[in-house]
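Here the structure comes first, spelled out in structure tokens, and everything after it is commentary.
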Amino acid sequence: MLIVPERDIADLMTRAAAFEAVEQVFAAMASKDAYNFPVVREAIGHEDALYGFKGGFDRAGLTLGLKAGGYWPNNLEKRGLINHQSTVFLFDPDTGMVRAMVGGNLLTALRTAAASSVSIKHLARKDAKVLGMIGAGHQATFQLRAALEQRDFEKVIGWNYHSEMLPNIAKVAEEAGVPFEAVELEGMREADVIVSITSAFAPSLLADHVSEGTHIACMGTDTKGKQEVEAQLLAKATVFTDEVAQSISIGEAQHAIADGLIQEEDIAELGSVINGVHPGRSSDCQITLFDGTGVGLQDLAVAASVVDLAVEKGVAIKVDF
């Protein structure tokens, strides 16, 4: 078995490699060459933690495995650790033998940011100039760096429930040479692309906060009950997702579905746009929305990529198992 520790991931995995892996797996999912297993996600009754498993099999890439982990909300304050903790396990699809164990914390951040940036590439207007950020936590910095690579943005605007955290994303924008401005939620009407990355259970972004032609990437809702945007916004938008089954059950679309505002058949897979089966954006005034629920195949794709890089660079640890 190969082991790639968390400490080595930063020197191996790049945003470009994560983007390529996620884009390819979305395409494989849409063409039915890859599928996700049902998600297990439970409150364990200890440390207010959520713990679970995401897995799947990609026939095209011959990648089989799962990610185990979750969210420990007290980690940062109590222990100086990030709240999201995970590990990816890969198996040989021919034999079922374990192939690798890979640190999943940084990979989760990179693959989540890659997913929203893939949606921006395929769905945002080509002339998008203002990027809006809702959320300013650890993951938001990854989202912003990835998003800035997809268009020639001239300005970043940001809002966070705790405004004192906004310097986190202001620093990233300024490092990229793009001016940053803190705004109220109504100020998001200026944005051509909006990335929402919060862990909220009540909507922040309302339909009235979004202008025609905007692309929204909703990246924080991955659990029953979570909600980042008003359900009415999905009714106004053309909705895309990583996986429809997750979108309607644990993703942002769960609320619009429950309210009868949209139907399951109204949601398209982003992979179908990548494959050229769905036209994607059809006009400059159309609102598009990507419901990024986070599928296990994303984790497996980036983990398989990093294992290959670790072997190539001679840093993978080989153990008998």
Side-chain angles (χ1 to χ4, degrees), residues 9-24 26 82 84 106-160 163 165-183 185 187-198 204-205 209-211 213-220 228-229 240 242 270 273-274 280-281 284 287-292 294 298 302 305:
I9 303 296
D11 292 330
L12 293 168
M13 199 62 178
T14 64
R15 286 193 298 276
F19 183 98
E20 181 180 2
V22 169
E23 187 176 45
Q24 288 177 355
F26 282 171
I82 65 170
H84 287 92
L106 180 57
L107 286 182
T108 297
L110 288 169
R111 67 83 154 150
T112 306
S116 64
S117 63
V118 169
S119 82
I120 293 169
K121 173 186 173 180
H122 291 281
L123 296 173
R125 297 194 331 265
K126 300 300 182 187
D127 64 348
K129 297 300 181 186
V130 179
L131 173 61
M133 292 292 303
I134 296 177
H138 177 73
Q139 177 65 53
T141 60
F142 290 89
Q143 293 285 333
L144 180 51
R145 289 188 186 96
L148 286 170
E149 294 173 345
Q150 295 307 314
R151 293 292 186 271
D152 293 324
F153 291 109
E154 297 176 352
K155 182 180 181 181
V156 175
I157 59 177
W159 177 88
N160 191 61
S163 59
M165 295 178 66
L166 287 172
N168 292 340
I169 55 175
K171 180 181 178 182
V172 173
E174 288 158 8
E175 286 173 350
V178 182
F180 176 85
E181 179 186 348
V183 298
L185 285 165
M188 287 293 156
R189 297 188 188 109
E190 183 186 359
D192 303 305
V193 173
I194 299 172
V195 177
S196 183
I197 181 70
T198 71
S204 300
L205 188 69
H209 297 155
V210 178
S211 298
T214 304
H215 172 64
I216 309 122
C218 300
M219 304 306 298
E228 295 194 281
V229 306
F240 300 84
D242 39 23
L270 180 57
V273 181
I274 296 168
R281 172 175 290 278
D284 284 346
I287 295 173
T288 55
L289 184 145
F290 174 63
D291 185 7
Q298 290 172 255
V302 292
S305 178

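For clarity, every value in this text was computed on a predicted model and none was experimentally measured.
When all heavy atoms are compared, the tightest approach of Q139 to T108 is OE1-O, 4.2 Å. Scanning both residues, V229 and C218, for their nearest heavy atoms gives CG1-SG, 3.7 Å. The shortest non-hydrogen separation linking A191 to G132 is CB-N, 3.8 Å.
The side chain to side chain donor-acceptor pair (under 3.5 Å) pairs that include a residue from residues 127-138 are R125-D127, where partners are two or more places apart or lie in different chains. Identified under the salt bridge (Lys or Arg N to Asp or Glu O under 4.0 Å) test for residues 165-181, with sequence neighbours left out: K155-E181.
The CD atom of Q298 sits 12.5 Å away from atom CD of E23, with the distance rounded to the nearest 0.5 Å. Taken to the nearest 0.5 Å, the OG atom of S116 stands 10.0 Å off from the CG atom of L144. To the nearest 0.5 angstrom, N160 atom CG is 5.5 Å from L166 atom CG. Atom CG of L131 and atom CD of E190 lie 11.0 Å apart (nearest 0.5 Å). Here F142 contributes atom CZ and T112 contributes atom OG1; the two are 10.0 Å apart, rounded to the nearest 0.5 Å. Summarising the geometry, atom CG belonging to D242 is positioned 4.5 Å from atom CZ belonging to F290; distances are rounded to the nearest 0.5 Å.
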Go through it in stages, so that I can follow the logic: the residues are M13 and L106, the test is side-chain contact (heavy atoms from CB on, under 4.5 Å), and I'd like the CA-CA distance, side-chain angles, deciding distance and then a yes or no. CA-CA 9 Å; M13 199 62 178; L106 180 57; 5.9 Å; no
Using the side-chain contact (heavy atoms from CB on, under 4.5 Å) rule, take H209 and W159 through it: C-alpha gap first, then chi angles, then the decisive distance, then the call. CA-CA 12 Å; H209 297 155; W159 177 88; over 6 Å; no
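For R151, there are no side chain to side chain donor-acceptor pair (under 3.5 Å) partners, not counting sequence neighbours. By the ring pair (Phe, Tyr, Trp, His ring centres under 6.0 Å) test, H122 pairs with no residue at all, sequence neighbours left out. For F240, the ring pair (Phe, Tyr, Trp, His ring centres under 6.0 Å) criterion is met by H278, not counting sequence neighbours. For H215, the side chain to side chain donor-acceptor pair (under 3.5 Å) partners are S119, T288, not counting sequence neighbours.
No donor-acceptor pair under 3.5 Å is formed between the side chain of R189 and the backbone N or O of S211.
Between E228 and I134 there is no side-chain heavy-atom pair separated by less than 4.5 Å.
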